[in-house]
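Note that the structure is a prediction, hence the values are computed from the model and not measured.
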Amino acid sequence: MGVETLTFGCRLNTVESEALRVHAAADGRDRVVVNTCAVTQEAGRQARKAIRRIARVRPGTEIVVTGCGAEVETEAYAAMPEVARLVGNAEKLSPAGWSPAATGPGAVMAARTVAPTRIDAIAGHTRAFVPVQNGCDHRCTFCVIPFGRGTSRSVPVAEVVAQVETIVAHGGREVVLTGVDLTAYGRDLPEPSLSLGGLVRAILRAVPELARLRISSIDSVEVDDALLAALVEEERLMPHLHLSLQAGDDLILKRMKRRHSRADAIRFCATVRALRPDVVFGADLIAGFPTETEDQFARSLDLVAECGLTHLHVFPYSPRPGTPAARMPPVAPDAIRDRAARLRAAGAAALRRHLNGQVGRTLTVLAERGGTGRSADFTPVRLAGEAEAGTFHAVTIAGHDGARLIAA
């Protein structure tokens, strides 16, 4: 069997699961590594359910648990009889973390550097994610991830460039920069005034063969002038930004301990759209944060139109033990579900408007597997016939199915 991985949660976990295989397989033992997420209660519930299922259908299999769940909910996973051992987030990408002498979770808060995640590409994909930052120095009141990932640490520019070069050399056409708090990139590095925008410029300058560069979820209030300039001047930097907005009401944002206001979010989207008119925005939004009234929720709902959001990730609020928000007066569960459904409906309507606007246009699509691809603004496109993954195609859009465009 070798080493198999089962991954929950973010893109960072997905990439790390690919990278940790080498270390997890070094001793030659067969095992399943479950890379857990702690962002919501549901993520933990699904991971524990999967662990029990693995043990049931494959008795005797060694099950190792790592990821944010192992750090944040250590006791819960350690108490599971199906789990053979835990490997901490600070250890999972190093050989020492998989040795018998490894101490397990608990070291991540002391970590001050982050090792580059070295992979050639993710098997079968034309798009590769490159982690350039880990950890978070902020303390949003709903979030446990800083305790699962530690303080903000950045991968040096030279290491990032080398990783991108390797991916391109192995046929990668598109790279996505990812991290926990991506716009914090560079603050811990010795280079003066280094930022995410500077990193983007460095990659595009050093790797001219890279066809497309994307950045994953960002904190809009921390976007620097260098990144805005790159969006204007660099055609290979794709016009798609996913924003960590979370709410549209100022009091709720304050209670979340966010660093932006409603006006900041609206202003940022208007500024970027003026600089790069073809930009498409996605956003994370939380429904039913503690104390949220119907009027306050309505401001989040209105934000979809006021910011011109297209792709929504909606999270029904989920209390995480130990966070300040978990001690605030909760919203009724039925109201949380209703608000999440209304946000998702608004997101679906916004996506349909975007798709309608693409009909009749000619777009450049990067083909993926299964007769699909992505346009520059990350909209999925169903191609008219089979196309080799990793090839570009100019296609005319004939219609859509409500979720993706359909090429003629």
Stepwise side-chain contact (heavy atoms from CB on, under 4.5 Å) test for Gln246 and Phe289: CA-CA 9 Å; Gln246 311 305 349; Phe289 184 81; over 6 Å; no

Given Ser154 and Asp188, is the side chain to side chain donor-acceptor pair (under 3.5 Å) satisfied, shown in steps? CA-CA 7 Å; Ser154 307; Asp188 57 313; 2.6 Å; yes

Using the side-chain contact (heavy atoms from CB on, under 4.5 Å) rule, take Met256 and Ile286 through it: C-alpha gap first, then chi angles, then the decisive distance, then the call. CA-CA 10 Å; Met256 289 178 166; Ile286 295 174; 4.1 Å; yes

Check the pair Leu405 / Leu363 against side-chain contact (heavy atoms from CB on, under 4.5 Å), numbers first and verdict last. CA-CA 10 Å; Leu405 298 169; Leu363 304 178; 3.8 Å; yes

Stepwise side-chain contact (heavy atoms from CB on, under 4.5 Å) test for Val161 and Val164: CA-CA 5 Å; Val161 169; Val164 174; 5.8 Å; no

For salt bridge (charged side-chain N to carboxylate O under 4.0 Å, His left out), just list the numbers for Glu294 and Arg342, CA-CA rounded to whole Å, side-chain angles, deciding distance to a tenth of an Å, and then say yes or no. CA-CA 12 Å; Glu294 182 60 29; Arg342 288 155 64 193; 2.5 Å; yes

Stepwise salt bridge (charged side-chain N to carboxylate O under 4.0 Å, His left out) test for Glu91 and Arg85: CA-CA 13 Å; Glu91 303 173 306; Arg85 65 179 295 194; over 6 Å; no

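Between the side chain of Arg320 and the backbone N or O of Ala38, at least one donor-acceptor pair lies under 3.5 Å. Checked by atom type and distance alone, the side chain of Asn89 pairs as donor or acceptor with a backbone atom of Gly148 at under 3.5 Å. At distances below 3.5 Å, not a single donor-acceptor pair connects side-chain atoms of Asn134 with backbone N or O atoms of Val180. A distance-only check finds a donor-acceptor pair linking the side chain of Asn13 to the backbone of Phe8 [under 3.5 Å]. For the pair Arg276 (side chain) and Leu231 (backbone), a donor-acceptor distance under 3.5 Å is present. Between the Arg273 side chain and the Gly308 main chain, a donor and an acceptor come within less than 3.5 Å of each other. Although no hydrogens or angles enter the test, the distance criterion places a donor-acceptor pair under 3.5 Å between the side chain of Arg262 and the main chain of Arg299. No donor-acceptor pair closer than 3.5 Å links the side chain of Thr141 to the backbone N or O of Pro324. With hydrogens and angles disregarded, a donor-acceptor distance shorter than 3.5 Å links the side chain of Asp30 to the backbone of Gly2. His242 contributes no side-chain N or O that, together with a main-chain N or O of Ser216, makes up a donor-acceptor pair within less than 3.5 Å.
For the pair Thr391 and Arg173, the minimum side-chain heavy-atom distance is 4.5 Å or more. No side-chain heavy atom of Arg153 sits less than 4.5 Å from a side-chain heavy atom of Gln133. In this structure, Leu243 and His260 have side chains that are not in contact, with every pair of non-hydrogen atoms separated by 4.5 Å or more. Using a 4.5 Å heavy-atom cutoff, the side chains of Thr151 and Arg112 are in contact. Side-chain contact between Glu368 and Arg127: present, with at least one pair of heavy atoms (C-beta onward) separated by less than 4.5 Å. For the pair Ile252 and Phe297, the minimum side-chain heavy-atom distance is 4.5 Å or more. For the pair Cys136 and Ile145, the minimum side-chain heavy-atom distance is 4.5 Å or more. Side-chain contact check for Phe268 versus Leu241: some heavy-atom pair is nearer than 4.5 Å.
Thr7 and Ser17 share a donor-acceptor pair across their side chains, judged by distance under 3.5 Å alone. No hydrogens or angles considered: nothing links the side chains of Asp295 and Thr293 as a donor-acceptor pair under 3.5 Å. A donor-acceptor contact closer than 3.5 angstrom links the side chains of Thr291 and Arg255. Arg258 and Ser244 share a side-chain donor-acceptor pair at under 3.5 Å. Using modelled atom types, one finds no donor on one side chain facing an acceptor on the other under 3.5 Å when comparing Ser152 with Asp181.
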Pairs of donor and acceptor atoms involving the side chains of residues 44-53, under 3.5 Å and at least two apart or interchain, shall be tabulated with distances.
from: Arg45; atom 1: NE; to: Glu42; atom 2: OE1; distance (Å): 3.0
from: Arg45; atom 1: NH2; to: Glu42; atom 2: OE2; distance (Å): 2.8
from: Gln46; atom 1: NE2; to: Glu42; atom 2: OE2; distance (Å): 2.7

Less than 3.5 Å apart, which donor and acceptor atoms pair up between the side chains of residues 74-81 and the rest of the protein, not counting sequence neighbours?
from: Thr74; atom 1: OG1; to: Ala70; atom 2: O; distance (Å): 2.5
from: Thr74; atom 1: OG1; to: Glu71; atom 2: O; distance (Å): 3.1

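Geometrically, Arg214 does not engage Phe129 in a cation-pi contact, judged by NZ or CZ lying under 6.0 Å from the ring centre and within 45° of the ring axis.
Atom CZ of Arg149 and atom SG of Cys68 lie 4.5 Å apart (nearest 0.5 Å). A distance of 4.0 Å separates CD1 of Ile406 from CZ of Arg382, quoted to the nearest 0.5 Å. One finds the CG atom of Asp284 at 8.0 Å from the CG atom of Leu245 (value rounded to the nearest 0.5 Å). Here Arg369 contributes atom CZ and Thr126 contributes atom OG1; the two are 9.0 Å apart, rounded to the nearest 0.5 Å.
Relative ring orientation between His313 and Phe315 is described as perpendicular, the plane-to-plane angle rising above 60° on a 0-90° scale split at 30° and 60°.
The existence of a salt bridge linking Glu174 and Arg374 is excluded, since no basic side-chain nitrogen approaches an acidic carboxylate oxygen closer than 4.0 Å. Taking a cutoff of 4.0 Å between a charged side-chain nitrogen and a carboxylate oxygen, Asp264 and Arg267 qualify as a salt bridge.
Residue-environment remark: CG (Asp225) stays at or below the threshold of 12 foreign heavy atoms within 6.0 Å.
Under the side-chain hydrogen bond (donor to acceptor under 3.5 Å, both in side chains) test applied with Thr379, the options His354, Arg404, Gln358 reduce to a single match, His354. Here the rule is salt bridge (charged side-chain N to carboxylate O under 4.0 Å, His left out) with Glu4, and of Arg58, Arg31, Arg21 only Arg58 fits it.
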